[in-house]
Number of protein chains: 2
Amino acid sequence: MNESTITEEKILQAARLEFERKGYNGTRMQVIADVAGISKASLHYHFRSKDNLFQRIFDDALNAYIPLVNTWKDDSLNWEEKVNRFTTDLLEFVQKGTMLFIIREINRNPELLSERLKKSKSPNSFILYFEQLNTDNQIRQTDPRLLYIFLQSICCFPAINNQMFKKVLRLTDKQYHEMMEGYARAAATFIINAIKK
Amino acid sequence: MNESTITEEKILQAARLEFERKGYNGTRMQVIADVAGISKASLHYHFRSKDNLFQRIFDDALNAYIPLVNTWKDDSLNWEEKVNRFTTDLLEFVQKGTMLFIIREINRNPELLSERLKKSKSPNSFILYFEQLNTDNQIRQTDPRLLYIFLQSICCFPAINNQMFKKVLRLTDKQYHEMMEGYARAAATFIINAIKK
DNA sequence: TTTGTTCCTGACCATTTGGTCAAACCAATT
DNA sequence: AATTGGTTTGACCAAATGGTCAGGAACAAA
C-alpha cells in the first residue's frame with residue numbers, strides 16, 4: 001500500500017464518519033480534513049470536490065446494502081430458517097448506522113437511487129420465493145411484497161429510531177442494548193408466527 | 001386575525017415545508033422568506049433566528065406525534081380492534097411525511113428529545129395494556145416492548161423508506177400508492193396473527 | 001396635522017465554506 | 001548532485017448565508 005492509498009483510506013474513513021453522522025449538508029470539508037489529519041488542500045487534491053467524495057461514500061454504503069436486501073440465498077434451509085438468517089444478517093448491517101444515512105440522503109436527492117438501480121433484471125428473489133410458498137400453500141396467504149416490507153421495517157426501524165424508543169419505553173442505553181441482543185431472533189419468531197399456518 | 005398573525009402563519013407554513021423537506025442544515029432562511037412571500041428581514045422580525053423558528057416547527061411536529069404513540073385509548077373495543085385503530089391512526093399521521101423529519105433532527109441533535117420528554121410519568125399505556133393481556137393469557141406470550149417496536153416499525157418505516165421500496169419492488173408511484181391503501185388493515189392483521197393464540 | 005406604533009424592506013455586514021494555486025517537500029531515478 | 005513526479009500545505013478567493021439596521025409605509029390615536 002503506497003503513501004497515496006494510505007491517505008485516501010484515512011480520508012474515506014473520516015468522510016464516512018462525518019457524512020453518516022451529519023449528512024451531506026451538515027458535513028464540512030475542513031472537519032473531514034481535520035479528522036483525517038491532513039490539510040483541506042490535500043483533501044481536495046485526492047477527491048476533487050465535496051460532491052465527488054460524497055458520491056464515493058454513498059456508493060459504498062449502497063453497495064453494502066443492496067445485495068443484502070435483494071438476494072434470498074437458495075440453499076437447503078427451510079423457509080423458517082431462512083427468515084431467521086435474513087433478519088440476523090439485516091440486523092447486523094443495520095446496527096452499523098448506515099441505514100439512516102442512506103434514507104436521509106435518498107430523501108434529500110432521490111436521483112441518487114435512480115442513477116444506481118436501473119440495471120437489476122428479474123424481480124426480487126425474496127418475492128419469487130414467497131410467491132412459491134403461497135402457491136404451494138405452505139404459509140398463510142400473504143402478499144409477498146407486504147411481507148417484504150414488514151420484515152424490512154421490523155429490522156431497520158429500531159436502529160433508526162432508537163433514541164425515540166429509548167425515551168418512550170423509558171429504557172437506559174444498557175437496557176435497550178440488552179433488549180436488542182435477542183432482537184433478531186424475536187423478530188424472526190414474530191414474523192414466522194404471523195404467516196405460519 | 002390581525003396582520004401580524006397572518007404573516008406568521010405564512011412563515012410557519014413555509015418553514016414547515018422547508019425544514020421537513022431539507023432538514024435544518026439544508027434549509028435557507030432566504031428560501032423560507034421567498035416561499036412565504038416576504039423579505040428575509042421581515043422573517044427575522046417575526047422569528048428572531050433560524051434556531052428559534054426551527055424549535056417552533058420541531059415542537060409542533062413532536063406535539064402531534066407523541067400523544068399518538070404514547071396513548072392507548074381505554075374504550076370498549078377488544079384488543080384486536082384496538083390494534084386496528086392504532087395502526088390506522090399511526091399510518092395516517094406518518095403519511096404526512098413528518099416522521100423522517102423528526103427522526104433526522106433527533107439524530108442530528110439528541111438534545112431535542114431529552115429537553116421535551118422528561119415530564120411523562122407512568123409507563124406507556126400501550127405497554128401496560130399488553131402486559132395485562134399477557135398475564136391474562138389472552139395472547140401468545142410476547143414482550144410488550146418488542147411488540148410496541150414491531151408495530152411502530154411496520155407503520156412508520158414504509159413512509160420513510162418508500163423510495164427504496166418502490167425501486168426494489170419495482171413499483172410505480174401509482175402501484176405503490178395502491179398497495180398503501182390497504183396497508184393499515186394488512187399490517188394490523190399481520191400483527192394480530194403473530195400474537196393470536 | 002402630528003405623533004406613535006406596528007410591520008416591512010433594501011442595503012449592508014461578518015462569518016463560514018467549498019475550492020484554488022503557487023510554492024515547498026520528498027522519495028526515487030539519472 | 002540534479003532532475004523529476006507525485007504529494008502536501010498555507011494563503012487566498014468568491015460565493016453563500018444568518019443576521020442587523022436605519023428608514024419607510026400604513027394606520028390609528030391624540
Side-chain angles (χ1 to χ4, degrees), chain A residues 1-61 101 104-105 107-109 111-112 115, chain B residues 1-61 101 104-105 107-109 111-112 115:
Chain A
M1 196 187 320
N2 65 35
E3 203 64 30
S4 175
T5 348
I6 292 175
T7 310
E8 284 177 18
E9 206 45 60
K10 280 193 295 182
I11 293 178
L12 286 173
Q13 203 177 321
R16 210 170 298 135
L17 207 72
E18 288 303 307
F19 280 129
E20 287 187 0
R21 278 212 204 326
K22 312 283 184 63
Y24 181 87
N25 285 318
T27 294
R28 304 286 158 250
M29 291 298 267
Q30 185 62 62
V31 175
I32 295 180
D34 291 349
V35 173
I38 58 167
S39 73
K40 197 177 57 159
S42 181
L43 175 55
H44 274 88
Y45 171 80
H46 288 281
F47 298 87
R48 230 158 289 203
S49 66
K50 187 181 180 183
D51 279 85
N52 201 43
L53 181 53
F54 173 80
Q55 289 289 345
R56 174 63 183 278
I57 302 295
F58 185 78
D59 275 1
D60 289 354
F101 168 64
R104 193 207 292 131
E105 301 307 327
N107 197 268
R108 178 178 63 87
N109 175 15
E111 305 283 305
L112 287 172
E115 291 168 11
Chain B
M1 195 192 309
N2 65 34
E3 204 65 30
S4 175
T5 345
I6 293 176
T7 308
E8 283 176 19
E9 206 42 61
K10 282 194 292 180
I11 293 178
L12 286 173
Q13 203 178 320
R16 210 171 298 135
L17 207 72
E18 288 302 306
F19 280 130
E20 287 187 0
R21 279 210 204 326
K22 313 282 183 62
Y24 182 86
N25 285 317
T27 292
R28 304 285 158 251
M29 292 298 266
Q30 184 63 63
V31 174
I32 294 179
D34 291 348
V35 173
I38 57 166
S39 72
K40 197 177 57 161
S42 181
L43 175 55
H44 274 88
Y45 170 79
H46 287 280
F47 297 87
R48 231 157 286 204
S49 67
K50 185 179 180 182
D51 280 86
N52 202 42
L53 182 52
F54 173 80
Q55 289 288 345
R56 174 63 184 277
I57 302 295
F58 185 78
D59 276 359
D60 289 353
F101 168 63
R104 194 207 291 128
E105 301 308 326
N107 197 269
R108 178 177 64 87
N109 176 15
E111 306 284 306
L112 287 173
E115 290 167 12

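So that the names make sense, note that chain A is the first sequence line, chain B the second, and so on, each numbered from 1.
- For the pair B:Y45 and C:dC7, the criterion of a side-chain N or O lying under 4.0 Å from OP1 or OP2 is met.
- B:R48 has its CZ atom 18 Å from the P atom of D:dG18, to the nearest Å.
- Between B:F54 atom CZ and D:dG18 atom C1' there is a gap of 16 Å when expressed in whole angstrom units.
- The base of D:dG19 sits with one of its N or O atoms less than 3.5 Å from a complementary donor or acceptor on the side chain of B:K40.
- The CE atom of B:M29 sits 15 Å away from the C1' atom of C:dT9 (whole-angstrom rounding).
- Regarding A:N52, its CG atom lies at a distance of 11 Å from the P atom of C:dT20, rounded to whole Å.
- Per the geometry, NZ belonging to B:K50 stands 15 Å off P belonging to D:dT20, to the nearest Å.
- Of the candidate nucleotides D:dT7, C:dT9, D:dT9, D:dT7 has the atom lying nearest to any side-chain atom of A:H46.
- Taking the centre and axis of the six-membered ring of B:F54, the NZ or CZ atom of B:R108 falls inside the cone set by 45° and 6.0 Å.
- Judged by distance alone, with hydrogens and angles left aside, the side-chain atoms of B:E105 form a donor-acceptor pair with the main-chain N or O of B:Y24 at under 3.5 Å.
- With rounding to whole Å, A:R28 atom CZ is found 10 Å from D:dT17 atom P.
- Ion pairing of A:R16 with A:E20 is absent here, as no side-chain N (NZ or NE/NH1/NH2) approaches a carboxylate O to less than 4.0 Å.
- Note: CZ (A:F47) to P (C:dG19) measures 14 Å, nearest angstrom.
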